[in-house]
Structure formats: structure tokens, C-alpha cells
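Quick notes on the structure that follows.
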Number of protein chains: 2
Amino acid sequence: MAQSVTDTQTRSEATAARIIAAARTLFVSGNYADVTTDMIAKAADVTKGGLYHHFASKEQLYVSMMLSDLEAKRLIFEQATAMEGSCRERLALLTRGFLELPDEDRELTRLVRRDINTFSGDERDQLVRAYQSALPEQVAAIVTDGINNGELAPGDARILSWSFIALVEVVIARYADHVFGSTEGRLDHVLDLFFEGAAAKPTGGTE
Amino acid sequence: MAQSVTDTQTRSEATAARIIAAARTLFVSGNYADVTTDMIAKAADVTKGGLYHHFASKEQLYVSMMLSDLEAKRLIFEQATAMEGSCRERLALLTRGFLELPDEDRELTRLVRRDINTFSGDERDQLVRAYQSALPEQVAAIVTDGINNGELAPGDARILSWSFIALVEVVIARYADHVFGSTEGRLDHVLDLFFEGAAAKPTGGTE
DNA sequence: CATAGCACCGACCGGTCAGTCGGTCGGTTG
DNA sequence: CAACCGACCGACTGACCGGTCGGTGCTATG
């Protein structure tokens with residue numbers, strides 16, 4: 001019956017999704033090498049044999065996990081890229097979307113950079129390409145528009161976008177250490193830093 | 001003879017130094033877990049037994065490597081912190097010192113953040129403490145002075161210094177990818193970004 | 001020449017972990 | 001009911017790796 005086929009498919013997919021979810025949580029909190037396939041299997045409530053029924057290797061599981069995550073995030077990013085408005089408004093929308101993600105989701109963005117050295121040629125390229133196109137290119141598109149319409153000073157769009165991303169990550173991480181600061185507070189802080197810099201402004205003329 | 005004792009000491013120290021140098025190169029290019037003690041020993045032209053004659057464990061070797069490196073860098077950093085001058089000038093001096101280091105030396109600064117999760121309580125604390133006091137605290141001291149003398153806008157000195165460090169790392173890494181740009185060019189780029197931001201300035205009035 | 005000490009050697013051990021494989025079980029099809 | 005299929009099981013293996021230990025040779029001193 002078609003119903004049963006669907007059920008079986010659903011079950012298989014559900015198991016694969018459970019494994020990916022378990023892998024996510026473990027990889028976020030531990031090093032790639034320190035997270036064993038046994039741990040992942042146990043956390044996903046399958047055996048190692050079951051895990052290897054769905055994924056060809058530990059590396060491929062990791063890559064699958066990353067790809068599915070990046071695919072999910074692409075929606076947020078494309079929304080901001082497509083939006084009409086100033087460069088600052090669009091970056092704000094993009095960053096707000098990012099900030100409102102759960103901690104684990106945001107951490108994944110850093111995982112790639114942390115674990116990228118672990119992988120050999122093939123998987124490495126896959127990861128880099130997927131990661132590059134997921135976030136940095138969206139930011140670069142917005143920044144390029146900003147340069148073209150005179151909102152940003154002329155310069156290399158890629159360097160600027162990486163600077164922006166780095167600022168977001170750093171400021172967010174530091175805000176996470178302390179407790180103070182709402183999402184909007186952090187957001188304005190990052191945007192101000194990026195657009196206006198850290199120097200004191202002679203706003204009042206109090207020289 | 002006193003000469004011979006010195007020779008022996010020198011020989012032992014030279015071997016230890018050779019091991020640390022080999023470990024540095026390998027750890028920079030590979031993950032902590034993927035660099036084996038056999039590889040390090042081979043690269044240092046000793047056997048594993050010889051390696052363990054000088055270092056109690058792989059982790060301790062890693063920590064020793066980091067400590068000796070940070071100690072060497074401290075000179076550069078303290079020079080800038082002690083210097084008289086504006087916040088910008090002092091940050092420039094500090095950053096120039098950093099930029100003029102060989103690639104491998106600069107990479108080490110990132111290693112700590114990459115590998116810190118690998119270590120357990122004791123070694124971890126050692127590393128964090130040494131690393132914190134080597135660079136970030138020097139930057140924070142300069143930034144705090146800048147806030148106090150009105151050169152920088154009021155704010156959290158720690159967040160600002162981390163932002164600065166992140167900018168330096170990102171801009172440097174991106175400049176390394178492309179070829180263009182002298183040391184001075186990068187330096188001004190980072191400083192301008194940090195102090196003035198990325199927004200276009202109405203300098204000429206060409207609206 | 002004898003004795004002692006230290007740098008270093010390299011075979012070996014215990015443990016860990018990715019990946020395998022023969023098998024079970026519940027559902028589906030003819 | 002029989003033949004089959006795919007999801008899943010779990011004990012096992014082979015490789016690798018951190019760390020050990022008994023030994024070797026070189027140098028220095030008496």
C-alpha cells in the first residue's frame with residue numbers, strides 16, 4: 001500500500017533526522033575527534049549499525065548535518081538580501097534573524113571554522129563551498145550595494161563583510177558571557193561599531 | 001669540565017627546542033588530535049622515547065609550546081602598552097609588531113581558540129590565563145586609556161578590544177588570501193575601520 | 001680502566017574508535 | 001503462506017595512538 005511506503009520512508013527519514021539532531025548537539029559542545037559515533041548513536045537512540053545504515057562515514061554525517069543546517073538558514077539570509085532599503089536596514093534585518101536563532105544554531109556557524117582542518121580534500125571543499133555561499137556571500141551582496149549607493153566608503157566588499165561577520169560573532173559572544181543587553185541592544189551596538197567606528201564623536205562639541 | 005656540562009645542557013635544550021619547533025609547525029597546519037606524537041618526534045628527528053624524555057605528555061608539550069611562544073611575544077606587546085601617545089598610535093604600534101611576525105607566529109594566536117576545547121580543566125586554565133594576559137589584556141589596557149581620555153566613545157573596554165582583535169585577524173587573513181596590500185596598508189585599513197567605521201564620510205562634500 | 005649519570009632509543013602495551021557483517025524483525029507483495 | 005525487503009541490531013575487528021620501560025652508548029670524573 002502507498003500508505004505503508006510513506007510510513008517506511010517517514011520512519012527512515014525520522015531516524016536520519018534524529019541522528020543529525022543528536023550529532024548537532026554533541027558536535028557543538030565537543031571537538032570533532034572527541035565525539036564518537038557511539039555517543040551519537042546512543043544519543044539518537046539507535047545503534048552504531050543503525051547509524052551507518054544511514055550515513056556512510058562519520059565525516060559524511062558531519063557534512064550532512066552542516067548542509068541541512070545551512071539550507072535551513074538560507075531562508076533567513078535570502079529574505080534580507082532581497083529586501084528593499086538601506087544597507088544598514090538590510091544588515092540589521094539579516095543580523096536580527098541570526099541573533100534570534102537558538103544558541104545551538106548560531107554555534108554551528110563557528111563549528112565549520114573550528115573543525116575545517118580535520119577534513120581532507122573532498123569533504124573540506126564541500127563544506128567550504130556551502131558555508132561560503134550561505135552567509136558571507138549574502139553579506140557581501142548587501143555590502144556591495146552599500147558601496148555602490150554611497151552608503152559605505154569604497155573598498156573591498158569581501159573584507160568588509162568578513163569584518164562585519166567577525167564583529168557580530170565577537171560582540172555576541174561577549175554579550176553572552178555577561179548577562180546584560182537585549183537583542184536590539186546588541187544589534188545596535190554591532191551596527192554602530194561597523195558603520196561609525198569606536199572613536200568618540202564630537203556630538204555635543206564638548207572638546 | 002664546565003664546558004662539557006654546558007654542552008650537555010645545550011644539547012638537551014636544543015633537542016627540546018627542536019621538538020617544540022616541530023610541534024609548532026605541525027599543530028599550525030593540523031588539528032590537535034590529528035598530529036600524533038610519532039609525527040612530532042619524526043619531524044624533530046628524535047624517537048618517541050626521546051620526546052617523552054623531555055615532555056611528560058602530549059598536552060604538556062602543547063602547553064609548553066604555547067607558553068614559550070607567548071613569552072616571546074610579550075616583549076612586543078608590553079612595548080606598546082608602555083608607550084606614551086594616543087590610543088591610535090599605541091594600537092598601531094602593537095598591531096604593527098603583530099603584523100610583522102612570520103605567518104606561523106600569527107597563526108599560533110588562533111590555535112589556542114581552535115584547540116582550547118580539547119583540553120581538560122588544568123591545562124585549559126593554564127592556556128586561557130596565559131593567552132588572556134598576553135594579548136587581549138594589553139589591548140584592553142590601551143582601549144581603556146582611550147576611553148578615559150575621550151579618544152574612544154564610552155563603552156565596555158573588553159568588547160571593544162575583542163572587536164579590535166577580531167578585525168585585525170579577519171583583515172589580515174583576507175589580505176593574505178589576495179596578494180595586494182603592504183603591512184602599512186593593512187594596518188591603516190584596520191585602524192580606520194575600528195576608529196571611523198565603514199560608512200562613507202562626507203569629506204569632499206561630493207553628495 | 002671503572003663507575004656513574006644522562007640523553008636517547010625502539011619495541012611494546014592497553015585502550016579507543018571508526019567501520020563491518022551476519023543476523024533479527026516487522027511489514028509488504030504475489 | 002512463502003518469499004522478500006529494508007530498517008536496525010550489536011558483537012567484533014583492525015588500525016592507530018598515547019604512553020612505558022628496559023636497554024644502549026656517550027661523556028665526565030676519580
Side-chain angles (χ1 to χ4, degrees), chain A residues 1-23 26-27 29-65 115 117-120 122-124, chain B residues 1-23 26-27 29-65 115 117-120 122-124:
Chain A
M1 228 181 292
Q3 181 63 31
S4 336
V5 171
T6 308
D7 276 357
T8 307
Q9 279 182 356
T10 306
R11 182 184 167 198
S12 182
E13 282 165 15
T15 305
R18 229 169 50 235
I19 293 171
I20 284 187
L26 288 169
F27 281 135
S29 62
N31 225 19
Y32 176 80
D34 294 339
V35 175
T36 67
T37 50
D38 275 315
M39 289 164 63
I40 299 172
K42 195 167 200 177
D45 205 36
V46 289
T47 59
K48 202 152 66 166
L51 189 153
Y52 275 87
H53 176 72
H54 290 282
F55 301 95
S57 68
K58 188 186 176 186
E59 293 203 351
Q60 212 209 65
L61 165 58
Y62 186 95
V63 171
S64 297
M65 175 196 84
D115 295 330
N117 291 311
T118 311
F119 298 98
S120 41
D122 212 24
E123 270 88 4
R124 196 188 158 108
Chain B
M1 227 181 291
Q3 182 62 32
S4 337
V5 171
T6 308
D7 276 357
T8 307
Q9 277 183 357
T10 305
R11 181 186 168 198
S12 182
E13 281 163 17
T15 305
R18 228 169 50 236
I19 294 171
I20 284 188
L26 288 169
F27 281 135
S29 61
N31 224 21
Y32 176 80
D34 295 338
V35 175
T36 68
T37 51
D38 277 314
M39 290 163 63
I40 299 172
K42 194 167 200 173
D45 204 37
V46 288
T47 58
K48 200 151 68 166
L51 189 153
Y52 275 88
H53 176 73
H54 289 281
F55 302 95
S57 67
K58 187 186 178 187
E59 293 203 350
Q60 214 209 62
L61 165 58
Y62 186 96
V63 172
S64 298
M65 176 196 82
D115 296 332
N117 292 313
T118 312
F119 297 98
S120 41
D122 212 24
E123 271 87 3
R124 195 189 160 108

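Just so you know, these numbers come straight off a predicted model, no measurement behind them. Only this structure's heavy atoms are used, side chains among them; waters, hydrogens and symmetry mates stay out. Letters go in sequence order (proteins before strands), and every chain restarts at 1.
Between A:H53 and D:dA7 there is a side-chain polar atom (N or O) within less than 4.0 angstrom of OP1 or OP2. Taking side-chain N and O atoms only, B:H54 has a distance below 4.0 Å to OP1 or OP2 of C:dC8. Remark: A:S12 is not in phosphate contact with D:dG6, judged by side-chain N or O atoms under 4.0 Å from OP1 or OP2. Within the 4.0 Å cut-off from OP1 or OP2 of C:dA7, not a single side-chain nitrogen or oxygen of B:T15 is found.
Atom CD in A:E13 sits 10.0 Å away from atom NE2 in A:H54 (nearest 0.5 Å). Distance CD1/B:I40 to CZ/B:F27: 4.0 Å, rounded to 0.5 Å. Taking CG from B:D115 and CD from B:E123, the interatomic distance works out to 13.0 Å, rounded to the nearest 0.5 Å.
As a whole-Å value, the separation of A:K42 NZ from C:dC17 P is 13 Å. What separates CZ of B:F55 from C1' of C:dC8 is a distance of 14 Å, to the nearest Å. Between the CG atom of B:D34 and the P atom of C:dA18 there is a distance of 12 Å, rounded to whole Å. For the pair B:L51 CG and C:dG10 P, the interatomic distance rounds to 14 Å; values are reported in whole Å. Between the CG atom of B:L26 and the P atom of D:dG18 there is a distance of 12 Å, rounded to whole Å. Atom CD in A:Q60 sits about 10 Å away from atom P in C:dG19, given to the nearest Å. One interatomic measurement links the two molecules: CZ of B:F119 to P of D:dG18, which rounds to 12 Å at whole-angstrom precision. If you take CD1 of A:I40 and P of D:dC9, they are 15 Å apart, rounded to a whole angstrom.
Under the rule for a side chain to side chain donor-acceptor pair (under 3.5 Å), A:S64 has no partner lying at least two apart in sequence or in another chain.
Inter-residue side-chain proximity for B:T15 and B:I19 is flagged as met; some heavy-atom pair is nearer than 4.5 Å.
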Polar-atom pairs under 3.5 Å, protein N or O versus N or O of nucleotides 19-26 of chain D: list them with distances, or write none.
{"from": "D:dG19", "atom 1": "OP2", "to": "B:Y52", "atom 2": "OH", "distance (Å)": "2.6"}
{"from": "D:dG19", "atom 1": "OP2", "to": "B:K58", "atom 2": "N", "distance (Å)": "2.8"}
{"from": "D:dG19", "atom 1": "N7", "to": "B:K48", "atom 2": "NZ", "distance (Å)": "3.3"}
{"from": "D:dG19", "atom 1": "O6", "to": "B:K48", "atom 2": "NZ", "distance (Å)": "2.9"}

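Each salt bridge (Lys or Arg N to Asp or Glu O under 4.0 Å) pair with one or both residues in residues 36-51 of chain A, not counting sequence neighbours, appears once here: A:D38-A:K48.
Counting non-hydrogen atoms under 4.0 angstrom, A:T36 reaches the backbone sugars and phosphates but no base.
In this structure, B:K58 forms no cation-pi arrangement with B:Y52, as its terminal cationic atom is not both closer than 6.0 Å to the ring centre and no more than 45° off the ring axis.
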